[in-house]
Amino acid sequence: MDNSSSVACSAPRHAPGALLDALSRRFGERASTTQAVRDHHGRDESPFPIAAPDAVVFAHSTDEVADAVRLCAMHRTPIIAFGAGTSLEGHIQAIAGGVTIDLTGMNQVLAVRADDLDATAQAGVTRKQLNEQLRDTGLFFPIDPGADATLGGMAATRASGTNAVRYGTMRENTLALTAVLADGSVVRTGSRARKSAAGYDLTRLLVGSEGTLGIITEVTVRLHPQPEAISSAVCTFQTVRTAVETVIATIQSGIPVARCEFLNVMSVRAINAYAKLGLQEAPMLFFEFHGSPNAVKEQAQAVEALALDHGGSGFAWSSTPEERSRLWKARHDAYFATMALRPNARVLSTDACVPISQLAECIVQTEADIGRSTLPIVLMGHVGDGNFHLGINLDPDSPAELHEAEAINERLVERAIAMGGTCTGEHGIGMGKIAHLEREHPSGVPVMRAIKRALDPHDLLNPGKVLRMHA
């Protein structure tokens, strides 16, 4: 995949020997230059090629991250933060050389304050780990991007996922942060108060900054009460349009669905093959409802009526945990199901988000694009908030397939922006959507560059991501 336009601003600045020696003295065996470790940290789940750092530091505390950043800053060497490595737009590749700081060893939940419905954790804590620790509190952390991502990575990419339609994204659920800036100084943003009018909102500035403004080391998040009852439902439709129109009617009716997922025929086919399910291969909606037993039943009945009005069939809902887990595990495994459609393939995974009133038309036009393609393409998404994804199965060594996939992605982005939407609802910019960001926010990008230059004047933090600094 060609990423030359994204990295033109960042000539390689490989770590000098003096820096590598200093890191080795400070971190011992937790500073690695072995090829296998470097390669592991030079690739995410995108189809971009490996771009390995010169060294990897495994940090265990904010102070250690600050020490590593100060050493890199002294030698004007790039710094890349690494969590679970599940990003989809080339966020963690060391395209300008430098040092990767692995935060997975920062895996302590520091405080759970059940009375205040919040918790503080180090950046390497994963969402599943946090929820496991919350099991006996009656609370949970709802942000679920599918992968077992780290909280630091989720904050850095402004992650959301299947529950966003009811519980919001990382933007709404992050109360405060600790981060290390480009000079090694430490900043603590926000507070545990539910609202504040105190100064600039630095928390929101760092959430979604993708490691380009600071390295997030601690996160304070909102928690939510576990619902008394949960039920899931599936329903099939004759057409993509009627399925999506059902979603629009559901949202506009004010029914508080917790999850609402759309799958096109190829998605269902891939999931059936991978997860050994027997779902009908037709446009399909997955729903989940949270609340009291009566409220859940009323929500399911109201959605069923709307689905029937739009030609839906086979509406079936269940409150058994086993059935819910089976359905949502299949949905979360859709990325791997897409990869399995062809051996030795990679998946170009992209997303867009549009106003809910434009969702049906956007998806219908995108489905028409898919129908003309020679590649297997799945379309699915958290359509309750207007966000959907394409998973394009391709041979990354085939220039023709890469060109076709990029053209489909280009048309999707153009379509979404023209409809008042955005080039990415949750994957972020990374190095894959820099040009799209410039098209979407032509007057905003210069302001973003000014902020970046103020906080990171030497472009050390994750250079070549989000912004072209010298365009």
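Below, each value reflects all heavy atoms present in this structure, side chains not excepted, and no hydrogens, waters or symmetry copies.
More than 12 heavy atoms of other residues, nucleotides or ligands shown are found within 6.0 angstrom of CZ on R342. R194 CZ: more than 12 foreign heavy atoms inside a 6.0 Å radius.
Defined by atom type and a distance below 3.5 Å, a donor-acceptor pair is missing between the side-chain atoms of T162 and E261. Residues E45 and S349 bring no donor and acceptor atom of their side chains to less than 3.5 Å of each other. Side-chain contact annotation: T120 with R113, donor-acceptor N/O pair under 3.5 Å present. For the residue pair T189/T203, the side-chain donor-acceptor check at 3.5 Å is satisfied. Between the side chains of S267 and N264, a donor-acceptor pair is found at a separation under 3.5 Å.
Each salt bridge (Lys or Arg N to Asp or Glu O under 4.0 Å) pair with one or both residues in residues 234-252, not counting sequence neighbours, appears once here: R241-E361. Screening residues 349-402 for ring pair (Phe, Tyr, Trp, His ring centres under 6.0 Å) gives H382-H389, H389-H427 as the qualifying pairs, with residues at least two apart or on separate chains. Applying the ring pair (Phe, Tyr, Trp, His ring centres under 6.0 Å) rule to pairs touching residues 249-279 yields nothing, sequence neighbours excluded.
With respect to H224, the side-chain contact (heavy atoms from CB on, under 4.5 Å) criterion is satisfied by exactly one of N173, L134, L139, N163: N173. When each of D385, V383, I251, V364 is checked for a side-chain contact (heavy atoms from CB on, under 4.5 Å) with L359, only V383 meets the rule.
With hydrogens and angles disregarded, no donor-acceptor distance shorter than 3.5 Å links the side chain of K433 to the backbone of E89. Checked by atom type and distance alone, the side chain of T150 pairs as donor or acceptor with a backbone atom of G153 at under 3.5 Å. Although no hydrogens or angles enter the test, the distance criterion places a donor-acceptor pair under 3.5 Å between the side chain of N387 and the main chain of A352.
Nearest heavy atom pair, residue L175 against residue A193, reads CD2-O, 4.2 Å.
For Q108, the side chain to side chain contact (heavy atoms under 4.5 Å, CB included) criterion is met by L110, Q122, not counting sequence neighbours. Checked against side chain to side chain contact (heavy atoms under 4.5 Å, CB included), E298 has no partners two or more places apart in sequence or in another chain. Evaluation of the salt bridge (charged side-chain N to carboxylate O under 4.0 Å, His left out) rule for E281 yields R269 as partners, not counting sequence neighbours.
Comment: R411 does not engage E414 in a salt bridge, judged by the lack of any side-chain N to carboxylate O separation of less than 4.0 angstrom.
Using bins of under 30°, 30° to 60° and over 60° for the plane-to-plane angle, the ring pair H290/Y167 lands in the tilted bin.
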